Structures are given as structure tokens and as C-alpha cells.
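Please read the structure below before turning to the comments.
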2 protein chains.
Amino acid sequence: MPQRATAAQVAAHAGVSVASVSRVLNGLASSSRMAARVQAAAAELDYVPDATARSLKVGRTEQLALAVADVGNPAYVAMMRAVDEVVRTAGYRTVLSAMGADPDDEIDLVRNLARGYADGLILSPLRVTADLVHELEHARRPVVVVGSLPPGTAIDNVRADSPGGVRLALTHLHDRGCRRIGFLNGPPDTVPGAARARGYLRTVKRLGLPQDSALSVTAADFTYDAGRAVAARLLDRDDPPDAVLGANDLLAVAIVNAVTERGGRVPEDVAVVGMDDTELAEYTRPSLTSVSLGSVERGRIAAELLLARIADPSRDVQRVTMTPRLTIRSSSGPARGGRA
Amino acid sequence: MPQRATAAQVAAHAGVSVASVSRVLNGLASSSRMAARVQAAAAELDYVPDATARSLKVGRTEQLALAVADVGNPAYVAMMRAVDEVVRTAGYRTVLSAMGADPDDEIDLVRNLARGYADGLILSPLRVTADLVHELEHARRPVVVVGSLPPGTAIDNVRADSPGGVRLALTHLHDRGCRRIGFLNGPPDTVPGAARARGYLRTVKRLGLPQDSALSVTAADFTYDAGRAVAARLLDRDDPPDAVLGANDLLAVAIVNAVTERGGRVPEDVAVVGMDDTELAEYTRPSLTSVSLGSVERGRIAAELLLARIADPSRDVQRVTMTPRLTIRSSSGPARGGRA
DNA sequence: ACGTTTACCGTAATCGTTTACAGACCGGCG
DNA sequence: CGCCGGTCTGTAAACGATTACGGTAAACGT
């Protein structure tokens, strides 16, 4: 582990001042003779400027923090990739701040941001409490929230249109002839859980479908295992649904597998639609019809919003909503026409 | 965006010196009267110490960099989670340094580490060139490599036993009665690709299986799509294999889907085994027999090795190899006994 | 030839902490 | 009463860069 050279050492070695070293290495005005000397000395000593010292002086870390609720969820993975892509090409680094389900984690995170280890934060919280909103509005560094916020909150944010996505999915199933459409939701006290539950109720009413509360089941979280754990409540009934919407691709796949394990066929006996349109939808068999809520674009836009705000802190607060898009695959099958 | 208070302001507000502020906030010796005053002042001004300044002074950033080749690969996602878990509980942050397929990216990364933006690096390179090894050995900060390195390289590393894993898989298939066992590999010029190819050849020989080079196919990378693109070369033959090993769960799933789309049955017509034992193996139908190369443990151990080396830079170089473990699921089916 | 602009370069201040060092104070012991 | 030991506290020097400022010398115009 060789010692690191400092700018002062380079300066001494080249017989110039540290100011000149800094100038040359940052491409500021300097004679070509000077530039050559400094560069030679820097190369000889294998000098690399210290990021920490630079950050302290210029007041920027060139790092952006990213916090998502669940790194295991493919939708978040896709979002992370998109964020990192934008962030990196802008010359910043991404620091990952995974967090648990505890909303206090998020509050701590925003507080810690005040330490200045990053120039901004992209936060995708599962639950939004009043405390969190308060903390966000008083954050010492710019924050962009991915997901909905209470109306009037003055924070840049980019949200999915969950109710719209649910409507797209249910309408599609209705068009295919499904009438008893079940819903496997995640925890209803989360932002996406609540939004999707709202969308489900609203659309069921609008389409004139049976408002049977037994058709709506919630999993403990948005994971495959949690989906499997409660799938029986939906399927093992005298009057099982002829279609199920999963609040998530993972939950949808859980339903698909639960159906097939019971000897049922997807989509003939039960059609299934997922949400997020992750890669999973392509891998699984039957491939999964899924409505994209724009995870990738949300990530990209969030990163761009953050960079823009860092560049101009006084710009207007932005609020972007993605429009959902349905991709039809095998799990909701071809038109059911003659059957049933 | 309220202004940030500095230690000097807190000191002035409390009528003490900045040294005392620092001492109190870091829990060093100080009278209770002093502690109370400082804490009151700090609370009043909502003071949070600056991470950058602290880092500059103490020479630690409390950040660890993590670089993996492909964030889309579930095996790496699992590894990332494991790393982050360990890193975070040790009080460090994880900074993500995604990189492309270009080996130069990795060299840049190691070089950049000299800037001191992180206290250490966990690197999982797809390809290991001589230049990279050289760079690693002269790195200014501790590096742990996940994956194999040329013998004699003095770098902490934790590797998978790919050949062992392949042997496990092939032996299993052989035991099930399969004789024409195909292999869908990733790029053979990558570290895992090369290791698995070696393992395949060796085991095929040992088991006395046909050494038909047409049975071994390589995909352009370790992704599902790349697998799909070349699956035909393996399946659409006069003498198709009765089993296929995927170098990857993604590649294995690609084979499974390609088989079923051709009307074949898995495992009856073609048994399939994957590698990495990711969550995908549970989701897909038929569920995928897969050999775990210990992605999660590799991540955990890599993080622990790095932390240990940071704590004691002169400790002996460690090299850990995970032993592979086979999990049998439906895709390689029950004993084939009477059939064929 | 002389004043003035221009281009470079070095000195030193600065970013916000931590921490070595030394001074101040108090109590207790001989 | 003097001295020693210990406990706190403040002063000031780092950490390693960037950059405002001023000075020097070359270049230029008349």
C-alpha cells in the first residue's frame, strides 16, 4: 500500500507552488512550460488529488444518495440501474442507502444527509408519515421523492399512476370476459398498497363488477413468499375468482404458481395480470401480462430532477406522473370468447 | 434549504471553544456542565457535523465501494444485499460503482479509488487482465476481489468453486440417467465462463459422457435474452441433448422456456440445471434445480475481509473458496429410472 | 522610452473538523 | 504552605485541496 503523494509534494518536486499544481491539473490558465513540468512531476509521483479535501473546499461531494425500500424487488433494481446510469454520466457517484421497512430509517436518512456526505437524495419510501414529510421539507440538501406525496408538499417528485394502472389491468381483464376479478395487494398502509387498493375499488365499481370483499386479499409485503402465503385465501373458495390482479409482478407470479399447483390453468381458469412489468414477466411461464408503471423512467427522471435542482436550487418544484402502459402476454391469454 | 450551522457557531452560541464542542459530540472526557451546554446549543442550532471535514481530518470516509459487472443479474443483486448488510452494520456506507463490460472500467475504478472517496473496494470483475492485476496490487486502498485471480496474486479474495459446482450438477444429471448433457455457457473469456467450461470438459471426461463439441454452446453474455438467442443451436438438432446445464439461472431458464415452446417437457425430455440458485429458481415453472455458488456468503465474506483488512492492513492475505451446494427442484425431476 | 495592459505565478486564506499540547484549576498530601 | 496529580478546557496546528489577491515581468501601443 504505497503512500499517497499530495499536491504539496508535487509542487516541491516540480519546483513550483501548489497553486500552480492545482491550476494545471484543473485545466486553468498556465503556460505550457508550467503545465509540462507539473504534469511530469505528477506522473512521476503518481499523484491523484484527494476527493475529500476537494469536496471540503468546493462544497460538493459529487455523490448522490439513493434509497429504496427493497433491493430484492426487480422493479427497484431496474430503477436503480436507471438512476445510476444518469448519475454516473453526470460525473457523480451513487451511494446506496438501503433501508428496512421502518419509516424511522428514512427519517434518519434524511437527517444524515445534513452531514453532507452526498449532494442530494433520491428517496423511494414505502410509507410516508407526517414526520417524514416534515423532515423532507427541512432537508439540508435537495431531495427527490419517487412515489406519491401529500398534496401541497413542496418536494420534487415523480410518481406512478397506480390507480390508472389498475384500471388498465382490470379493464383488460373485463374485456376478456372475466367477471369475478380478485386482487392480491401488498400492505395497504404503504403508499403503493393504498393507491392500488383505491384504484381497485374505484374500477370495480365503475365496471359494475361484484364488490365482494373476499376477492381482495393483502399480503404481508410485496414479496413472492408473502404472496404464496395468502394465495390460498383467494383460490380455495367455493366461488374462486376467474382472474386475479397482483399488485406486483412477484405477487402475480405467486398467484400463477398457486393456480397451476392446484391443477388450474392460466389463463383458462384464472387469468392473471401483474404490475411493474419487470423482466420476471418475460421469464415466467406462462409469460405474465403486466402493466408498467415506468420504473425505469421514474428512476431516470428522478435523477434528472435532482441534478437539475442541484444546479439551480431555486427552480420551480416539479411533479411528474408517469402514464401506465399495459403489455399483454400469455397469462391473460387470447380473447375468451366462446368459453365459460 | 436552511443554512448549516458549523461547530464554530455552536461554540460561540454556547460560549465555549470548538474543541469542546467536538469533544462533547464525540463522547470524549468533559464535565457534565460542559456537555449540557454544548448539547443544548447544538440542539438549538440543529447542528450536524460535516462528514467531509471529518473525513479529511481523520483520514477515513466510512464508505466502501462495491463494483459488480451486471446489476441485472439476480446473483449479483443478492450479493449486493449481503455486502450492504455487513457494511452498514459496521457503520459504513456503500457506494455503488456499476461498470460496463469493458475491463478498462475496472482499471479506472481502482485508479479512482486513489482519490480516497472510499476506504476500500469490493470488486467482482468479469474479466481479469494482467493490467488489472497489476493495478490491484498497487492500489492505494484495500481491495477484495470476488472471483478467481491468477495464482500468487496477493489480494484478498473469495471465489466460487465453479468446476466443483459444474461437477455437482453433471453428476446429478448423470445419476438421473441423462447421457447427452449439453452446456449453455456464457462468454468463455470471462472468469466464470472459463472456469465453468473447464469444469464441464473435465467432468464430461470423468463421467465417460460423449465429448461432442456441438453439445457446448456459448451465449454472448449471461443474460436471459442471450440464452434465448442461442438455445436453438442446442435444441434444434437431430440428436438433441437429454439434459442441459446452464452456466447461470438466467441461461437455464432460457433453455427451459425454449424447450417447452418447442413442445418438449422439462424434465422428461430435457432435464435442466442452473447455477447460482437465485430466487428465480423458485419462481419459474418447473422450478429450477440449481447449484448455489454461495453468492450471498461470498458477498458477506468479502465485506468482512475488507473491513478486517482496513482494521489491520498488515494481516495475512486471505483466500476463501465457497463449496457449492446443489438444490434439487422439478426441472431435473425425480429419478428417471424406467423411462428412456 | 515610458506607461499600461495582459498573462502568469506565488502567498496565504479558507473549507469544517479533530487533536496534540499546554495552561488553568482544584483537591489532597506531606 | 508548597507541590504534585489529575481533570478540564482553550489555543492552534493540522488534514489536502481550491482560489482570491497581489506582484512581477513580458508585451504592447504611442
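Lettering of chains follows the sequences in order, A, B, ..., and the numbering in each one begins at 1. As the structure is a prediction and not an experimental result, all values here were calculated from the model.
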Where along residues 52-59 of chain A does a heavy atom come under 4.0 Å from DNA chain D, residue by residue in number order? A:Ala53, A:Arg54, A:Leu56, A:Lys57, A:Val58
Can you list the residues that meet the salt bridge (Lys or Arg N to Asp or Glu O under 4.0 Å) rule with A:Arg60, with sequence neighbours excluded? A:Glu62
Rounded to the nearest 0.5 Å, what separation is found between the CG atom of A:Asp108 and the OG atom of A:Ser97? 11.5 Å
Salt bridge between B:Arg309 and B:Asp156, side-chain N to carboxylate O under 4.0 Å? yes
By salt bridge (Lys or Arg N to Asp or Glu O under 4.0 Å), A:Asp316 pairs with (sequence neighbours left out) none
Partners passing salt bridge (Lys or Arg N to Asp or Glu O under 4.0 Å) against B:Arg93 (at least two apart in sequence or in another chain): none
Which value, rounded to the nearest 0.5 Å, describes the distance between B:Leu64 atom CG and B:Arg88 atom CZ? 13.0 Å
Does A:Pro192 have any side chain to side chain contact (heavy atoms under 4.5 Å, CB included) partners at least two apart in sequence or in another chain, and if so, which? A:Leu126, A:Thr190, A:Arg196, A:Phe222
Residues in side chain to side chain contact (heavy atoms under 4.5 Å, CB included) contact with A:Asp131, at least two apart in sequence or another chain: A:Ile107, A:Thr129
Show the nearest heavy-atom pair for residues B:Pro125 and B:Leu132, with the distance to one decimal. CB-CD2, 4.0 Å
What N/O pairs connect the protein and nucleotides 6-9 of chain C at under 3.5 Å? Give each pair on its own line.
| unit_1 | atom_1 | unit_2 | atom_2 | d |
| --- | --- | --- | --- | --- |
| C:dC9 | OP1 | A:Ser31 | OG | 2.7 |
| C:dC9 | OP2 | A:Ser31 | N | 3.1 |

Please round to 10 degrees the angle between the axis of the first five pairs and the axis of the last five pairs in the helix from C:dA1-D:dT30 to C:dG30-D:dC1. 60°
Look at all strands and tell whether B:Thr6 reaches a base, only sugar-phosphate, or nothing, counting heavy atoms closer than 4.0 Å. sugar-phosphate
Side chain to side chain donor-acceptor pair (under 3.5 Å) pairs, two or more places apart, involving residues 39-54 of chain B: B:Arg4-B:Asp50
Atom pairs and distances, donor-acceptor, side-chain atoms in residues 296-305 of chain A, under 3.5 Å, two or more places apart:
| unit_1 | atom_1 | unit_2 | atom_2 | d |
| --- | --- | --- | --- | --- |
| A:Arg298 | NH1 | A:Leu293 | O | 2.6 |

Classify the nucleic acid contact of B:Ala7 as base, sugar-phosphate or nothing, counting any heavy atom under 4.0 Å across all strands shown. sugar-phosphate
In this structure, how many angstroms lie between the C1' atom of C:dG16 and the CG atom of B:Leu25, rounded? 13 Å
Under 4.5 Å between any side-chain heavy atoms of A:Val95 and B:Thr94, yes or no? no
Could you pull out all residues at least two apart from B:Val48 that satisfy side chain to side chain contact (heavy atoms under 4.5 Å, CB included)? A:Ala114, A:Arg115
Identify the 5'-most and 3'-most nucleotides of DNA chain D with at least one atom closer than 4.0 Å to a non-hydrogen atom of chain B. D:dC8 to D:dG16
